[in-house]
Amino acid sequence: MAKRLMKGAEAIGEAAIRAHCRAYFCYPITPQTEVAEYLVRRMPEVDGVFLQAESELAASNMLFGAAAAGARVFTSSSSPGIALMSEAISYIAAAELPTVFVNIMRCGPGLGGILPAQGDYLNATKGGGHGDYHCIVLAPASVQEAVDLTMSAFELAETYRTPVFVLGDGLIGQMMEPVEFKEGVVNPPPERPWATTGCKDRDPNLVKTLFLDPAALEVHNRKLAAKYREIRANEVRFERYNMDSRPETVMVAYGTVARICKTAIDFLKEKGHEVGLVRPITLYPFPHEELLAIARDEATRNVLVVEMSNGQMLEDVERATRFLKPISFFGRQGGIVPAPEEVVRELELLAS
Amino acid sequence: MEVIFKRPEALTATPTHYCPGCSHGIIHRLVAETLDELGLRERAVGVAPVGCSVLAYNYFNCDFQEAAHGRAPAFATGIKRVRPDLIVFTYQGDGDLASIGMAEIVHAANRGEKFTTIFVNNAVYGMTGGQMAPTTLSEQVTTTCPMGRDTSDVGHPIRVAELLASLETPAYVARVSAHRPHDIVAARRAIRKAFQYQAEGLCFSLVEVLATCPTNWGKTSSDAVEWLEKNMIPYFPLGELKTPGDDSVAGLTEGL
């Protein structure tokens with residue numbers, strides 16, 4: 001199929017349609033409102049549901065109701081909106097409902113600003129809501145990858161009956177790039193025998209998250225924990241860039257920042273300096289084993305983590321590498337995107 | 001022997017956890033009888049609130065979802081939008097609906113979501129042990145207004161049915177009571193209308209049911225009935241507050 005030039009937010013909307021998603025509940029917030037503006041026209045073409053809710057609280061709880069009634073559903077928002085959705089995300093994780101949440105991150109905390117940031121890493125990967133749960137978190141670095149990972153998110157949500165995040169920074173939502181929509185990537189939703197669809201010819205179904213008996217609730221929590229172990233064992237994805245030469249310095253970055261790091265790597269390569277990059281594509285599960293192997297490699301002398309935050313993924317890199325090698329951090333915040341030259345300067349400082 | 005009275009099919013054989021003198025059991029039964037009579041049980045999905053009736057799903061013999069506090073109308077919106085063929089109802093108390101869930105119920109009603117809400121108003125938070133609700137009457141004593149509700153400090157009790165009836169969007173909104181037999185008969189008629197309007201795909205419907213809570217009111221069951229009659233009904237008058245303009249459901253126009 002021919003490539004189309006599309007804005008990231010619109011491409012994510014189309015990807016959801018191609019993944020057989022037929023219901024979208026939303027509340028406007030910059031910088032991703034174009035998902036809604038795209039789907040309000042597109043959903044009716046496929047007999048899908050589009051609804052602008054009164055708040056992110058309501059939109060995310062509508063997602064619960066619709067998913068528990070058997071529909072493939074998603075919503076999109078940006079950082080402060082996702083914070084409001086955290087209530088429903090905890091309930092959805094507890095009820096094991098296949099759902100997709102797209103967070104096009106803007107800078108915070110508080111109202112912050114509308115420019116790109118990566119300050120919701122901890123919120124997304126460690127569970128923004130209450131209780132013991134995790135979401136699968138996918139981090140695209142291009143509009144094409146935003147499309148591919150959005151489709152993948154629906155498949156993963158269905159496989160594991162869990163909420164899945166597509167976590168993009170503001171650039172992913174706002175920039176235009178050529179994209180291709182691959183056909184037949186995601187299967188239509190399977191039968192959901194547990195869904196509340198009316199109890200004709202069967203016993204009533206119940207979708208709930210209340211367990212007043214502590215023993216029963218612990219059993220439920222352990223079931224969820226076993227699922228997260230399975231996800232960690234099977235779903236880790238990452239990209240290695242310029243790693244074959246076993247470079248002395250290895251960067252770790254995700255999303256758009258990883259592309260900036262690649263530009264820095266290419267620049268230094270021309271000058272005869274080899275620097276590598278590990279780009280986690282899944283932030284949960286995190287590529288712990290890959291990073292530990294790199295930390296254990298005697299060729300590795302130091303690690304540089306680059307983020308548009310004050311160092312959130314940094315904590316996972318520290319944990320994964322067990323402080324076997326010195327770790328440096330370079331971060332920009334407030335909506336400021338690091339320039340490749342800044343990354344080069346950081347790398348040169350490390351080498352000196 | 002002819003059976004003239006039995007448990008509705010839409011109720012399970014589970015003994016409820018409700019206190020003696022509580023109205024929930026009666027209201028559950030009225031909803032269940034309606035689902036039976038209109039033949040809706042097999043395509044019904046209930047949404048339980050947070051509050052005393054959080055365990056309603058144990059008592060209704062139909063599909064159920066259990067919502068976060070106040071969000072039942074958002075759950076119901078999600079269900080009904082993706083499955084308009086289902087009969088969806090929320091069952092909510094006054095803390096759940098009129099306090100934490102006020103935004104969700106107002107906007108669901110304003111959009112004209114075609115589900116039914118059974119709103120049980122007993123003027124107090126029940127499950128957490130008798131705190132002040134948005135519907136707590138002036139000077140009524142609760143654990144968080146031990147000197148009685150001071151309306152100059154915390155405002156007046158909210159009349160939910162009137163508030164929702166003021167919306168332009170067509171709807172069926174009625175207030176009934178479950179404290180005396182003739183009121184229960186009227187309540188049954190209103191609940192039946194509400195579900196019938198939904199089955200016809202006509203409009204949002206809400207039935208506010210005044211209910212007793214002897215435990216948290218600190219009264220005997222019979223005193224609670226008296227208290228409701230003397231204090232709640234004057235402030236929360238009974239009747240139909242709003243009917244959909246085009247009354248296409250036969251036989252529904254007579255009063256309650």
Side-chain angles (χ1 to χ4, degrees), chain A residues 21-25 27 43 47-73 75 84-92 94-95 97 99 129-130 189 194-212, chain B residues 9-12 17 35 39-51 54-88 90 100-111 113 115 127:
Chain A
C21 173
R22 291 296 177 266
Y24 173 74
F25 302 91
Y27 186 80
M43 269 297 179
D47 294 326
V49 171
F50 172 94
L51 186 63
Q52 179 177 328
E54 64 271 27
S55 66
E56 286 93 348
L57 266 179
S60 52
N61 282 292
M62 288 171 187
L63 224 59
F64 185 118
R72 181 168 281 177
V73 295
T75 187
L84 285 171
M85 291 182 179
S86 298
E87 173 191 79
I89 295 168
S90 172
Y91 281 71
I92 284 169
L97 300 175
T99 47
H130 67 284
W194 45 266
T196 59
T197 53
C199 64
K200 188 170 165 55
D201 303 324
R202 61 161 170 78
D203 289 336
N205 280 343
L206 170 63
V207 179
K208 63 151 187 164
T209 61
L210 178 68
F211 295 84
L212 288 172
Chain B
E9 197 185 358
L11 283 184
T12 63
H17 68 287
L35 293 176
L40 303 176
R41 186 188 72 89
E42 291 185 330
R43 52 191 184 106
V45 180
V47 184
V50 171
V54 65
L55 297 173
Y57 51 73
N58 284 337
Y59 312 133
F60 283 100
N61 183 23
C62 65
D63 279 7
F64 244 84
Q65 296 186 18
E66 177 242 322
H69 199 22
R71 317 288 176 238
F75 275 51
T77 298
I79 303 166
K80 194 73 184 185
R81 289 274 173 159
V82 300
R83 288 294 304 270
D85 56 315
L86 296 175
I87 297 296
V88 181
T90 72
I100 195 166
M102 186 58 111
E104 283 76 13
I105 192 65
V106 169
H107 286 277
N110 192 52
R111 287 190 302 266
E113 299 292 346
F115 65 81
M127 190 171 70

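Keep in mind that the numbers below use all heavy atoms, side chains included, and drop hydrogens, waters and symmetry copies. Lettering follows sequence order; numbering is per chain, from 1.
A donor-acceptor contact shorter than 3.5 Å links the side chain of R202(A) to the backbone of G198(A). Side-chain N or O atoms of T90(B) include none that pairs as donor or acceptor with a backbone N or O of V47(B) at under 3.5 Å.
Considering only residues two or more places apart in sequence or on other chains, D203(A) meets the salt bridge (charged side-chain N to carboxylate O under 4.0 Å, His left out) condition with none of them.
Of the two parts of L63(A), neither the backbone nor the side chain holds a non-hydrogen atom closer than 4.5 Å to a non-hydrogen atom of chain B. If you measure heavy-atom distances from R111(B) to chain A, the contacts under 4.5 Å come from the side chain alone. Heavy atoms of L51(A) lying under 4.5 Å from chain B belong exclusively to its side chain. For a residue to count as touching a neighbouring chain, one of its non-hydrogen atoms must lie under 4.5 Å from one of that chain's; by this rule R81(B) touches chain A with backbone and side chain alike. Using a 4.5 Å cut-off between heavy atoms, S90(A) makes no contact with chain B at all. Only the backbone of A195(A) comes within contact range of chain B, judged by heavy atoms closer than 4.5 Å. Looking at R22(A), neither its backbone nor its side chain comes within 4.5 Å of chain B, counting heavy atoms on both sides. The contact between F64(A) and chain B is made by backbone and side chain atoms together, counting heavy-atom distances below 4.5 Å.
The candidate with the highest count of non-hydrogen atom pairs below 4.5 Å against chain B, out of N61(A), L57(A), V207(A), L210(A), is N61(A). Each of R83(B), K80(B), R71(B), E104(B) has some count of heavy-atom pairs under 4.5 Å with chain A, and the biggest count is that of R71(B).
Scanning both residues, Y27(A) and E54(A), for their nearest heavy atoms gives CE1-O, 3.3 Å.
Ring-plane geometry between H130(A) and Y91(A) is classed as perpendicular, the angle between the planes exceeding 60 degrees on a 0 to 90 degree scale with a lower cut at 30.
Rounding to the nearest 0.5 angstrom, the gap separating the CG atom in L35(B) from the CG atom in L11(B) is 9.0 Å. Annotation: the span from E87(A) atom CD to L84(A) atom CG amounts to 9.5 Å, rounded to 0.5 Å. Here the CG atom belonging to L86(B) is positioned 11.0 Å from the CG atom belonging to L40(B), to the nearest 0.5 angstrom. Annotation: the span from D63(B) atom CG to N205(A) atom CG amounts to 5.0 Å, rounded to 0.5 Å.
For a heavy-atom cut-off of 4.5 Å, chain A lies close to V54(B), L55(B), Y57(B), N61(B), C62(B) in residues 54-62 of chain B.
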